[in-house]
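Read the structure below first, then the notes.
Since this is a predicted model, take the numbers as computed values, not measurements. Along the sequence shown, the residues carry numbers beginning at 1. In listed order, ligands and their atoms are each counted from 1.
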Amino acid sequence: MDRRAILDDLLVPPGASAHIAKIDPASTPHAPGDRATTEAASAELNRELADLQLRLWAEAERSVLVVLQAMDAGGKDGTVKKVFAGVNPQGCRVTSFKAPSEEEQAHDFLWRVHQAVPRAGEIGIFNRSHYEEVLIVRVHDLVPEKVWSKRYRAIADFEALLADSGTTVVKFFLHISKEEQAERFRKRVAKPHKRWKFRLADLEERKHWDAYAAAYEDALSKTSTAAAPWYVVPADHKWYRDFAVLSVLVGTLRSMDPKYPPPDPSIDLDSIVID
Ligand code: ATP
Ligand code: MG
C-alpha cells in the first residue's frame, strides 16, 4: 500500500478551494479492508505513533500540534481517546476550547491559544481551537464581519510562526453528514451514559448547519498551507475516522523523523560501573 496516498487524498491542497459537500462522509478512501481489517491496521498505527512520540519526546527539540474541528457530535472526543490510546500521556497535552472567559475576551483572540501550544517534545491536541473564531463567531455574528474577516490572515501568520519555531501543525476536519449527527444526538438522548453530553444548544446549532458548512469551506480554503495543512476526514464511520487520522499523523511524524539524542560524548559508557 502506498503510505502517502491517504495523506494526498485527504489533504486540502494549499491555495485550493475546499469543497466539503463533494466529499462523502461515509466514504472510506484507502481503508485497507472492512471494519475488522481496518481496526487491526489502526492498532498497528497506534503502536507506531507511540514509538514516534517517544522519540519526539526524547529529542525534545520539535513539537506537533493537532487541531481537531467538527460539527457537534462529529467525534472529536472519540478521536482523542482512540488515536492517542497507548501514547505516553506525559508527552501529550489536550486543550478543549470552550466559549472564552471574561479574561480571555479582554485579549486578542489568539492570546489563550498561544499559551496552550505544545512545548518542544510534546504533542499538543486542540479539541476545538482558534478556528471557532471564524466559525461560531461568524455564524452567530459575535463580532462584525470586518473583525472576523481579518482573522484568516492572522491565523495563517500565527501558524507560520509556530512552524518556524519547530512546531508541525496538522489540522483535521472530521466530516459527518447531517443524518449521522441526528443519529448521534438520538443516541445521546437515549443512552444514560451519553446523556451528559447532550445540550439543547446542540439542536439550536444544528439549525445553522448550512452556515457552518459554508464557514468551514471558507476557513479550510483560506488556511490550508504547506506549514499547516488541513485534512478532511470522512467521519461517519468511526473506525475509518480513527484509521485516517492515525495514518496522517503517523505519516507526518515519519517525515519529521525524530531521533533519540546521542549519548553525552564526555561520558565513556564502557567504563561505567554501577554497583
Ligand atoms: P461535543 O462536540 O462533544 O458536544 P463540545 O466541544 O461541543 O463537545 P461543549 O462544551 O458542548 O463541547 O461546547 C463548547 C462550546 O464552546 C461550543 O459550542 C463552541 O462553539 C464554543 N466555543 C469554543 N470556542 C469559542 C470561541 N472562541 N468563541 C465562542 N464560542 C466558542
Ligand atoms: Mg457540544
* Asked: Is the closest heavy-atom distance from Arg112 to ligand 1 below 4.0 Å?
  -> yes
* Is the shortest N/O to N/O distance between Lys98 and ligand 1 below 3.5 Å? -> yes
* Asked: Atoms of ligand 1 less than 4.0 Å from Asp77 heavy atoms?
  -> 3 (O)
Donor-acceptor list for residues 260-270 side chains, cut-off 3.5 Å, not counting sequence neighbours:
residue, atom, partner, partner atom, Å
Asp264, OD1, Ser266, N, 2.9
Asp264, OD1, Ser266, OG, 2.7
Asp264, OD2, Ser266, OG, 3.2
Asp268, OD1, Asp270, N, 3.2

* To do: For residues Phe97 and Glu132, determine if any side-chain heavy atom of one lies less than 4.5 Å from a side-chain heavy atom of the other.
  => no
* Asked: For atom 1 (P) of ligand 1, which candidate among Met71, Gln105, Lys76, Arg184 holds the nearest heavy atom?
  -> Lys76
* To do: Look at the rings of His208 and His140 and say which category their plane angle falls in: under 30° parallel, 30 to 60° tilted, over 60° perpendicular.
  => perpendicular
* **Electrostatic pair Arg186:Glu183 at N-O distance under 4.0 angstrom** => yes
* Lys207: what forms a salt bridge (charged side-chain N to carboxylate O under 4.0 Å, His left out) with it, not counting sequence neighbours? -> Glu204
* Over 60° means perpendicular and under 30° means parallel, so classify the ring planes of Tyr240 and Phe243, tilted if in between. => tilted
* Glu59/Arg55 ion pair, N-O < 4.0 Å -> no
* Structure fact -> ligand 1 to Arg128, heavy atom cutoff 4.0 Å, flagged ligand atoms 2 (O), 5 (P), 6 (O), 7 (O), 17 (C), 19 (C), 20 (O)
* Asked: Does Ser96 approach ligand 1 within less than 4.0 angstrom via side chain, backbone, both or neither, non-hydrogen atoms only?
  -> neither
* In terms of atom number and element, which parts of ligand 1 are under 4.0 angstrom from non-hydrogen atoms of Ile136? -> 20 (O), 29 (C), 30 (N), 31 (C)
* Could Arg128 and Asp72 be called an ion pair, given the rule that one side-chain N must be under 4.0 Å from one carboxylate O? -> yes
* **Location of contacts on Leu135 toward ligand 1, heavy atoms closer than 4.0 Å** => neither
* What are the atoms of ligand 1, with element, lying closer than 4.0 Å to any heavy atom of Ala73? -> 2 (O)
* Of the side chain and backbone of Arg199, name the one, both, or neither that has a heavy atom under 4.0 Å from an atom of ligand 1. => side chain
* To do: Report the part of Arg188 (side chain from C-beta onward, or backbone N, CA, C, O) that has a heavy atom under 4.0 Å from ligand 1; answer both or neither where that applies.
  => side chain
* Find all atoms of ligand 1 within a distance of less than 4.0 Å from any non-hydrogen atom belonging to Lys197, and give their numbers and elements. => 3 (O)
* Name the option, out of Ala70, Gly78, Pro100, that contains the heavy atom nearest to atom 28 (N) of ligand 1. => Pro100
* Structure fact -> Under 4.0 Å from one or more heavy atoms of Asp72, ligand 1 contributes atoms 2 (O), 7 (O)
* Asked: For the ring pair His130 and Phe109, is the centre-to-centre distance below 6.0 Å?
  -> no
* Pair Asp202 + Arg206, salt bridge at N-O below 4.0 Å -> no
* Do any nitrogen or oxygen atoms of Ser129 lie less than 3.5 angstrom from nitrogen or oxygen atoms of ligand 1? -> no
